Amino acid sequence: MGTLTRNWLMAATLGLLVACGGGGGGDRAAGVEPGPPPTGPVPPPPPIVPEPPAPSPYAEAEVLLATITSVTLDGSDVATVEFQLTDGAGTAIIDLEAGNVRFTIAKLQASALGNMTGSWQSYVNRIEPPDAWGVTDVGTEDRLQANYEREEDNFVNNGDGTYTYTFAQSLSVIAEDILAQAEVEGLDLSFEPDRTHRVSMQFDGNPNTTANPFYDWVPATGATGGILTMDIAATANCNNCHDPLGIHGGNRQEVQYCVTCHNPGSTDAHTTNTVDMKVMIHKIHAGANLPSVAAGGKYNIIGYRGSDHDYSG
């Protein structure tokens, strides 16, 4: 190949290199347009999971919302209560302790006038002597009084705002001394599973302990609706004057709870006065107009630690 031919080939090659390496190169060949954007649904962003609310401290809750969710009996007729507790915003309260709650259990027994006029009778009772607390009055004999339970070993905190309590008292096996005293007073403490029963609760250790939830059911069938009950009075009616109704420290405010202890089976041994709700309340309101008071006597009840509640005025 001659010198002239080699020079010509080198010049052509350099020209091609210059053409390919020029500045401002694009991302596609000339005359080729980009394709359409991707089609189809755009995947959603990952969901935002809110942080669960911090538990509400029991002692600071301004409102207590308590619900008994179930009551069941085991083979020994011992009742187990399941309940839940939140504050007014529905936030779980998980630090309730056994010492801050009390439980009552009673049956609705028939009266001589028939089922529709029955009375509540507590299964949990104590015997009060006439000189309890070192105080004496006109009474000379022991009397039966309804009571509550609060056994620390029977209380379970599930850690999520739900709790369980198992009664120590069996409904069918009652201490002999209690049965003997009941017989003296003509009281029937036998377990009647086909009758309406009630569990109720009281809370302590909180300045706003107004919750007194209750649960009515028939043990024989488990029914909670369409069953007989007995409302001595409506709490709302009491609160027309007493706003709110409350005694024993102010955390017993619902009549449905009060009647589980204040029933015909409970008597003040000091004065021999019954603390049956329907009798006691009428006498308290009558006060000075009671015949016994008008005759020079008094109407009083000796309460906790010997405190004398005189309603004669």
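Model, not experiment: these values are computed from the prediction.
Here the rule is side-chain hydrogen bond (donor to acceptor under 3.5 Å, both in side chains) with T166, and of D153, T80, N154 only T80 fits it. Exactly one residue among I105, T260, T104 makes a side-chain contact (heavy atoms from CB on, under 4.5 Å) with Y148. That residue is T104.
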Report the C-alpha separation of K283 and Y311 in whole Å, then their side-chain angles, then the decisive distance to 0.1 Å, and conclude whether the side-chain contact (heavy atoms from CB on, under 4.5 Å) test is met. CA-CA 8 Å; K283 287 192 171 184; Y311 301 105; over 6 Å; no

Starting from the C-alpha separation in whole Å, work towards a yes-or-no answer on side-chain contact (heavy atoms from CB on, under 4.5 Å) for L144 and T267. CA-CA 6 Å; L144 205 66; T267 304; over 6 Å; no

Would N125 and Q181 count as a side-chain contact (heavy atoms from CB on, under 4.5 Å) if you check the C-alpha gap in whole Å, the side-chain angles of each, and the deciding distance to 0.1 Å? CA-CA 10 Å; N125 299 279; Q181 183 63 41; over 6 Å; no

Would E128 and N147 satisfy side-chain contact (heavy atoms from CB on, under 4.5 Å), going step by step from the backbone distance to the final call? CA-CA 11 Å; E128 181 181 69; N147 203 3; over 6 Å; no

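A distance of 10.0 Å separates CG of D204 from CG of L96, quoted to the nearest 0.5 Å.
Residue pairs meeting the ring pair (Phe, Tyr, Trp, His ring centres under 6.0 Å) criterion with at least one partner in residues 173-192, sequence neighbours excluded, are F191-H197.
Here the closest heavy-atom approach between residue S119 and residue K278 is recorded as OG-NZ, 3.3 Å. The shortest heavy-atom contact between S200 and I68 is CA-CD1, 4.5 Å.
Here F83 and Y163 bring their ring centres to under 6.0 angstrom of each other.
Two residues are said to be in side-chain contact when any heavy atoms from C-beta on lie closer than 4.5 Å; Q121 and L189 meet this criterion. You'll find the side chain of I93 reaches within 4.5 Å of the side chain of L64, heavy atoms only. For the pair Y165/V101, no side-chain contact is recorded, criterion being any heavy-atom separation below 4.5 Å from C-beta on.
Annotation for E183: atom CD does not count as buried by contact number, only 12 or fewer foreign heavy atoms lying within 6.0 Å.
Linking Ile, Leu, Val, Met, Phe, Trp and Tyr whenever their side-chain heavy atoms come within less than 4.5 Å leaves F214 and L65 in two separate clusters. Note on V173: it does not cluster hydrophobically with Y123, by side-chain heavy-atom contacts below 4.5 Å among ILVMFWY residues. Under the 4.5 Å side-chain heavy-atom criterion for grouping Ile, Leu, Val, Met, Phe, Trp and Tyr, I174 is connected to V124 within one hydrophobic cluster.
Shown here are the side chain to side chain contact (heavy atoms under 4.5 Å, CB included) partners of T224, two or more places apart in sequence or in another chain: Y215, W217.
Listed by chain and number, the hydrophobic cluster partners of V218 are I227, where partners are ILVMFWY side chains within reach of under 4.5 Å, directly or through others.
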